[in-house]
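So you know, we letter chains A, B, ... as the sequences are listed, proteins then strands, and number each from 1.
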Amino acid sequence: MPSTHYDPKAIEPKWQKRWEQDRTFRADDASGRPKYYALEMFPYPSGSGLHVGHLKNYVPMDAFCRYQSMNGFSVLHPMGWDAFGQPAENAAIQTGRNPRDLVPEYAANYRRTLKLAGCSYDWDREINSSDPAYYKWTQWFFLLLHQRGLAYRSTAPINWCPSCKTGLANEEVKEGRCWRCDSLVEKRPMPQWFFKITAYADRLLNDLDGLDWSDGMKEMQRDWIGRSEGATVKFQIQNSKLEIEVFTTRPDTLFGATFMVLAPEHPLVNQITTGAQRSAVEAYVKQAQGETEIDRMNAERTKTGVFTGAYAVNPVNQKEVPVWIADYVMMGYGTGAIMCVPGHDARDFEFAQKFGLPIVQVVSKDGSTYELAQAEPDEGVAVNSGPYDGLTTAEFKRKINAWLEQHKLGKPTVNYRIRDWLISRQRYWGAPIPIIHCVKCGAVPVPEKDLPVLLPDVKNYQPTGTGESPLAAIPEFVNVTCPQCHGPAKRETDTMGGYACSSWYFFRYIDPKNQQAFADRKKLDYWMPVDFYTGGIEHARSHLLYARFWTKVLYDAGYVGFQEPFKILKNQGSLLAYTPGRKPTASDNPAASGGDEKILDWILLKPDEFAKYPKDQVVWRWARMSKSKGNVVTPEQIAETYGIDSLRVYEMFMAPFEDDVQWTEDGIHGSHRFVCRVWRWLAASLLCYDKDWRSQLPGQPSDQEKKVRRKLHQTIQKVTHDLKGFSF
RNA sequence: GCGAGGAUGGCGGAACUGGCAGACGCGCCAGACUUAGGAUCUGGUGCCGCAAGGCAUGGGGGUUCAACUCCCCCUCCUCGCACCA
């Protein structure tokens, strides 16, 4: 009989121990029950441990899993560690210790806190992506992609973080800065491995329609894939055999193309530039090279450019059009060259005005011609377009595409914004790329039987900055024989970026100890796909895109029978803590004096600074809870004062799962009182509980009894409805 | 600029397919218990009004017996992308 006094310190350890002993949350592969796979994005273990903000993700899913389990589902709810990659390695570098030693310590700490928080994980399935038994299969995936022609090596200018000293995928660059350290990213040409995610662009786009994800999330992926339909058109250089190919979404405006612009890096620039213009062009190219990505991408900037001296011929009307170079054209998109229609494109209009280039109207609202005060990008009726006058934009596009194709001057083309996934990292802490470079045979994949390629244990793991990973300094690792010709060869020394590990981890939970395959097919068929996935929105364009890509590759190769790994996805809001900071001064903002730092509007005060800082100048704000801001509350603290259940109630209840929550001590106090009240009420009810209640039911219930029963069922209905909607 | 989401008491937020607006928590008010209360418990609490009653879901219009919910216009907020041709 429970006491009417609520004593979490007696209740919670008792049950946590029981769960541990009975392995209550073990997922059964052969229960015969319908399955439910619930997953939270696995964390990278860091030294600062878990705080109550992290639990905002884990606790609601935990409650939901318990509910599903009580409803008869066989629930798979696993946990593991995203232990390879920059986050873990940077943390290790900061503490001056080896990530190999740190990861297990940190993981143990996380595991302890999650158990304290009462989370119902099947710990028998715990995984660690830096474990050779795990990364063997990460390497196997590399080989699978390689075998299917989806992994290739290329020397192209890539994103380079000068502080982390490694190449980065496009998805790891935010506003021109490194995702881990915020440094401005540079361009460096280096031989690197890429995964051909662009080959899956259309499928990644189309299959979004069937997913139960938020509109915002799907839209972010659509934007990132960036499909646009148009045409490629060839322009002949006057008095030359050379031609410039452009991509345009508006082939119907060809008659209004009065000049062309090439990106400064375009390979034809050097060949077409005339003697008179050479020095001006070279100076401009040099200047453009010195600019950072962030300068280049700034749309507010006024247009600059230089005439190459060359002219091209507009294929539809044979008019000569001058060819310019300008940095508003990006080499990485389309063909790196554009035809310019100043009448109907704002950027071209600005450029034409500045350099006195002709502006011709070819689209009209009503079929009449009039003076253009600005570019008119809207669709309409063709004018000044010879035989096409009077056609609507859509008709014109159809006809001109056919004409271009017939005369071999162009063709309908689809372009994507997404680029291939750069996977090489010049860093120690990752899965070695399973490739051997042989002078005779080229890049030879390591035979599957030789996997895993073990990451050597080294003292010095710091990134070198030379463009080579620290592994290049280990002769025993580097010097091998070629698997094909058995001649001397050298191992690839780059490692894979951490996103490789997280692109398939949800498969490994299904069969975490399998040594013959990444997971058993029967088990995959039972458990996959993930029914409900939660995690941070910051992975919208990276992890979630990569994982979908790899799943489709597995499907194509016949390893799985589904094409989408995550049916339902929700992104948790953050936990915000009221945090002291100060207003920045001029010296905090080097940007104002031409530096490259971000402009700051608030600088948080660490606890020691806060103690010294004049109180009347402190500015308080709600800021995301994090160890680095010094505003964390730990689950241990709350467990001590109120008990974990009060914390769990608070985190689930204070706002919808996807919204931010402001952490207040008053709020947790209220949740605690609520839990106390429930306990007291329940304990009191149990005093009058009659086990034999069924036989006591009256044949004809009184009105009072009917009311009680109605209320009971209304409550069941409401609670069921709320839980199913992940609303607490 | 483009795209997505949002706006409900003093505060966080409920309200499923249109059907009693404001669940629950904070705060506030009153009472109980106390030497004491920044503890605990009980009750009350959208706004105006003594009351009857009236007014209320960012603003304006519309559909409907009925609108927080659907449609149109506007304002503001948050997030994402941003010279992508």
Side-chain angles (χ1 to χ4, degrees), chain A residues 4-6 170 174-176 213-233 245-251 253 257 260-263 293-305 326-342 344-351 375 377 413 415-419 537-538 540-541 571 573-574 576 622 646 649-650 652-656 658-678 680-681 714-715 717-725 727-728:
Chain A
T4 51
H5 172 66
Y6 174 61
N170 281 314
K174 311 269 146 152
E175 292 176 31
W213 295 13
S214 72
D215 291 341
M217 186 58 117
K218 290 197 208 177
E219 214 46 45
M220 279 168 76
Q221 291 217 343
R222 286 194 191 104
D223 283 350
W224 190 251
I225 294 165
R227 182 181 202 273
S228 67
E229 281 182 26
T232 43
V233 183
E245 194 173 49
V246 301
F247 172 73
T248 176
T249 53
R250 294 294 299 275
T253 61
M260 301 182 81
V261 176
L262 306 186
E293 191 81 344
I294 206 151
D295 290 334
R296 276 292 280 277
M297 306 269 268
N298 184 0
E300 309 295 310
R301 226 161 50 135
T302 54
K303 299 273 179 289
T304 58
D327 64 6
Y328 79 93
V329 176
M330 305 289 149
M331 194 56 224
Y333 183 78
T335 61
I338 61 170
M339 65 176 215
C340 296
V341 186
H344 306 282
D345 180 283
R347 297 153 301 183
D348 299 345
F349 188 88
E350 189 193 333
F351 196 85
T413 306
N415 230 307
Y416 299 92
R417 209 174 301 183
I418 192 172
R419 316 285 163 81
I537 189 131
E538 66 274 15
R541 303 189 306 256
N571 303 110
S574 301
L576 309 178
W622 289 102
S646 298
V649 164
Y650 178 76
M652 285 189 280
F653 171 73
M654 282 312 291
E658 297 178 91
D659 288 4
D660 289 348
V661 168
Q662 298 172 347
W663 174 268
T664 64
E665 192 79 18
D666 283 339
I668 189 97
H669 190 81
S671 297
H672 180 66
R673 278 206 300 231
F674 177 82
V675 172
C676 289
R677 197 146 60 234
V678 170
R680 266 200 316 277
W681 179 80
Q714 283 170 351
T715 304
Q717 185 187 38
K718 174 156 175 52
V719 171
T720 303
H721 175 265
D722 285 355
L723 279 169
K724 282 193 172 150
S727 152
F728 306 97

What residues from residues 214-227 of chain A pass a heavy-atom cutoff of under 4.0 Å to RNA chain B?
A:D215, A:G216, A:E219, A:M220
Would A:K303 pass as a cation-pi partner of A:F351, given that its NZ or CZ must be under 6.0 Å from the six-membered ring centre and within 45 degrees of the axis?
no
Is the distance from OP1 or OP2 of B:A82 to the nearest side-chain N or O of A:R417 less than 4.0 Å?
no
Is RNA chain B part of any stem, that is, at least 3 consecutive Watson-Crick or G-U pairs with both distances under 3.5 Å, and where?
B:1-7 with B:75-81, B:10-12 with B:24-26, B:27-32 with B:40-45, B:46-48 with B:53-55, B:58-62 with B:70-74
Comparing nearest nucleotides in RNA chain B, the 5'-proximal residue of the pair A:F247, A:K174 is A:K174
To the nearest 0.5 Å, what is the distance between OG1 (A:T715) and NZ (A:K718)?
9.5 Å
Determine the interatomic distance between C1' on B:C33 and the same-named atom on B:A39; round to the nearest Å.
11 Å
Return the minimal non-hydrogen interatomic distance between A:V649 and A:F674, and the atom names on each side.
CG1-CD2, 4.4 Å
Distance in angstrom units between A:E175 CD and B:C79 C1', rounded
12 Å
Considering all heavy atoms, the nearest A:M339-A:T248 contact
CE-OG1, 3.8 Å
Tightest non-hydrogen contact, residues A:E245 and A:A337, listed as O-CB, 3.7 Å
Whole-angstrom distance between B:C29 and B:G10, as gauged at atom C1':
13 Å
Between B:A7 and B:U17, how far apart are the P atoms? Round to whole Å, please.
14 Å
What integer number of Å spans the P atoms of B:U57 and B:C47?
15 Å
Whole-Å distance between B:A82 P and A:Y333 OH?
13 Å
Tell me the interatomic distance from A:H672, atom NE2, to B:C26, atom P, rounded to whole angstroms.
12 Å
As a test of the definition: with a 90° window around 0 for syn, would you call B:G9 syn or anti?
syn
Looking at A:R541, does any N or O in its side chain come under 4.0 Å of the phosphate oxygens OP1/OP2 on B:C81?
yes
Length of the line joining A:M339:CE and B:C83:P, which is rounded to integer Å
20 Å
As an exercise, state the distance from OG1 of A:T253 to CG of A:D345, rounded to the nearest 0.5 Å.
8.5 Å
Atom-pair distance (CD1 on A:I537; P on B:C81), nearest Å
10 Å
Tell me the interatomic distance from A:E245, atom CD, to B:A85, atom C1', rounded to whole angstroms.
14 Å
C1' atoms of B:U64 and B:U78, separation to the nearest Å:
33 Å
For a quick test of reading the model, state the closest non-hydrogen atom pair linking A:H672 to A:Y6 and the distance between them.
CE1-CE2, 4.0 Å
Can you tell me if A:Y333 and A:S228 form a side-chain donor-acceptor pair at under 3.5 Å?
yes
Give a yes or no on whether the backbone of A:V341 and the side-chain of A:D348 come within a donor-acceptor separation of less than 3.5 Å.
yes
Rounded C1' spacing from B:U40 to B:C77 in Å
41 Å
Which atom pair, heavy atoms only, marks the closest approach of A:A375 to A:P342?
CB-O, 3.8 Å
Euclidean distance for C1', B:A66 against B:G58 (whole angstrom):
23 Å
If you find the nucleotide of RNA chain B closest to A:D345 and the one closest to A:H669, which residue's nucleotide is nearer the 5' end?
A:H669
Distance between the P atoms of B:C74 and B:G1, in whole angstroms?
14 Å
Does A:R673 put a side-chain nitrogen or oxygen below 4.0 Å from OP1 or OP2 of B:A39?
no
On a heavy-atom basis, which atom in A:F247 and which in A:E229 lie closest, and how many Å separate them?
CZ-C, 4.3 Å
Looking at A:S228, does any N or O in its side chain come under 4.0 Å of the phosphate oxygens OP1/OP2 on B:A85?
yes
Could you tell me how far apart A:D666 (CG) and B:G38 (C1') are, to the nearest whole angstrom?
10 Å
Pair A:Y650-A:T664, side-chain contact (heavy atoms from CB on, under 4.5 Å): steps then yes or no:
CA-CA 10 Å; A:Y650 178 76; A:T664 64; 3.8 Å; yes
Might you list the N or O atoms of the protein lying below 3.5 Å from N or O atoms in nucleotides 13-18 of chain B, with each pair's distance?
from, atom 1, to, atom 2, distance (Å)
B:C16, O4', A:H721, NE2, 3.4

Can you tell me how far the CE atom of A:M220 sits from the CD1 atom of A:I225, to the nearest 0.5 Å?
12.0 Å
Expressed in angstrom and rounded to an integer, what is the separation of A:Y328 atom OH from B:G1 atom P?
21 Å
